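Quick caveat: nothing in here was measured; it's all calculated off a predicted structure.
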Amino acid sequence: MSDSEAEFGLLETDEAEGVGDEWEEIDVSDTEADRIARKRDREFSEFRKRIKDADQFKVEASVFDDATYGALYKLVQDGHIDAFGGPISTGKEANVYTALSGDEEVAVKVYRINASDFKDMRGYLDGDPRFEGIGSDKKKVVTAWVRKESSNLKRARRAGVRTPEPIAVERNVLVMEYLGTEEGRAKRLNEVHIENPETAYEVVKEYVRRLYDAGLVHGDLSEYNVVFHEGQLYIIDLGQAVTIHHPNADEFLERDCRNVANFFARQGVDATPDELLAYVKEYATPKDDDDTAPGSDDDAVPQGTPEDRRED
């Protein structure tokens, strides 16, 4: 990064509109993708064959079930995807591809239903009030995970945290803003030379606070999911982010602070996990309406339980 590129700026924040999706039940019933897969008409069958034969999907053909093809087909029908590109990244849980949506390039994240980290997924969903009663059905867990990622991205953006904008969700597929250029995807912090690490740290530090202020903990924050795009820092991979009501929220927050502070300390910044955690705890107020620090105070999380609020 050049010196000019390192002058990161923080976003203005939207005012909170109620409690958002904090206690909204997530629908994990069959989607149109499942119905398309069961119907198996001629047009869908031809689409499925074209995708299966495409070079960028061949290697994953064995883990894409018919309903995944149905989800892609539905997203094409709805105008969210016009043409598929190549893979951006591959992982244990999901692959990310580029695609065209009109004149815009988008990212298409396809989660495997038979994800090898299925048990880890459950650990983040269990205890999140938005995902109670999902059970152990793999399809439902992955469907919930994708909707959770979209929900978390929206909430983070409302809180003034730069993230990819979610565009559409269908079953186990998420379409979102593509962070990158014609030269490729945006680079992670561990992949670039940071000429102004002190400023970068202050931005990420404020992002952690804003997320917590909005009732979220990233849960896996590190230099691997903070990217540099168009002169700004973005947080990615919020699928595992939990609300502050999650039983492991404090543990996840401490881990986020440790990962972030230790990375920037290696860049020469005077940063410690304890200092970062203390900053978040002192200046984020997720359960009241007091602004205690400059910037965001989304306060998207209500006090009490669902039962308390139903009695109001």
Side-chain angles (χ1 to χ4, degrees), residues 8-24 26 94 96 106-107 109 111 124-125 128-131 144-169 174-179 186 188-189 200-230 232-246 248-249 252-253 255-257 259-260 276 279-281 283-287 291 293-302:
F8 313 111
L10 288 167
L11 291 166
E12 295 295 326
T13 62
D14 294 337
E15 292 185 9
E17 297 179 359
V19 299
D21 62 358
E22 178 68 5
W23 304 99
E24 179 182 344
I26 299 296
V96 185
V106 296
K109 193 169 189 177
Y111 277 94
Y124 286 100
L125 290 169
D128 189 319
R130 298 171 296 176
F131 301 91
W145 187 271
V146 177
R147 294 184 179 278
K148 178 174 185 267
E149 180 160 17
S150 178
S151 169
N152 289 340
L153 288 169
K154 291 175 183 176
R155 183 185 289 193
R157 289 171 64 85
R158 287 198 304 268
V161 178
R162 283 189 171 88
T163 72
E165 180 181 2
I167 297 170
V169 175
L174 170 63
V175 181
M176 56 188 166
E177 177 186 5
Y178 172 61
L179 302 183
R188 301 180 178 94
L189 278 189
Y201 174 62
E202 289 301 317
V203 171
V204 178
K205 178 179 177 179
E206 177 65 7
Y207 281 172
V208 177
R209 188 195 74 80
R210 289 185 177 194
L211 284 173
Y212 195 73
D213 202 53
L216 285 179
V217 176
H218 186 284
D220 192 30
L221 191 60
S222 73
E223 63 271 25
Y224 298 102
N225 39 42
V226 180
V227 302
F228 180 71
H229 176 62
E230 295 184 343
Q232 302 295 340
L233 296 176
Y234 284 70
I235 303 292
I236 61 172
D237 296 336
L238 272 81
Q240 74 292 317
V242 301
T243 75
I244 62 169
H245 299 292
H246 192 284
N248 297 325
F252 293 159
L253 178 62
R255 185 172 65 193
D256 286 352
C257 291
N259 289 341
V260 168
L276 176 52
Y279 173 80
V280 173
K281 288 288 190 175
Y283 294 115
T285 57
K287 291 186 179 179
D291 289 329
S296 165
D297 201 329
D298 188 59
D299 289 324
V301 179

ask   = So, for Leu153 and Pro164, which heavy atoms are closest and what is the spacing to 0.1 Å?
value = CD2-O, 3.8 Å
ask   = Can you tell me how far CZ of Arg158 sits from CZ of Arg155, rounded to the nearest 0.5 angstrom?
value = 6.5 Å
ask   = Which heavy-atom pair separates Ala186 from His229 by the least distance, and what is that distance?
value = CB-CB, 4.1 Å
With Phe252 via ring pair (Phe, Tyr, Trp, His ring centres under 6.0 Å) - residues at least two apart = Tyr124, His246
task = Would you name the heavy atoms of Ala156 and Leu216 that are closest together and state the gap between them?
result = N-CD1, 4.4 Å
query = Counting heavy atoms not belonging to Tyr234, are there more than 12 under 6.0 Å from its OH?
reply = yes
inquiry  = Among residues at least two apart in sequence or on other chains, which ones pass side-chain hydrogen bond (donor to acceptor under 3.5 Å, both in side chains) with Tyr111?
reply    = Lys109, Trp145, Glu149
Nearest heavy atoms of Ala241 and Lys148, plus distance in Å = O-NZ, 2.6 Å
request  = List the steps, then state whether side chain to side chain contact (heavy atoms under 4.5 Å, CB included) holds for Val260 with Leu276.
outcome  = CA-CA 9 Å; Val260 168; Leu276 176 52; 3.9 Å; yes
key: Which atom of Ala159 lies closest to which atom of Ala214, heavy atoms considered   = CB-CB, 3.6 Å
ask   = How long is the gap from NE2 on His218 to CG on Asn152, to the nearest 0.5 Å?
value = 9.0 Å
ask   = Distance from Ile167 atom CD1 to Glu177 atom CD, nearest 0.5 Å?
value = 7.0 Å
task = Look up atom CG in Leu238 and atom CG in Asp220, then write down how far apart they are to the nearest 0.5 Å.
result = 10.0 Å
message = With rounding to the nearest 0.5 angstrom, report the CZ to OG1 distance, Arg157 to Thr163.
response = 5.0 Å
message = I'd like to check Tyr224 versus Asp237 (side-chain heavy atoms, cut-off strictly below 4.5 Å). Are they in contact?
response = no
key: Asn259 to Ser222 - nearest heavy-atom pair and separation   = CB-CB, 4.1 Å
query = Any side-chain heavy atom of Asp213 sitting closer than 4.5 Å to one from Tyr283?
reply = no
message = I need the Ile236 CD1 to Arg162 CZ distance, nearest 0.5 Å.
response = 15.5 Å
inquiry  = Side chains of Cys257 and Leu253, heavy atoms from C-beta outward: is any pair under 4.5 Å?
reply    = yes
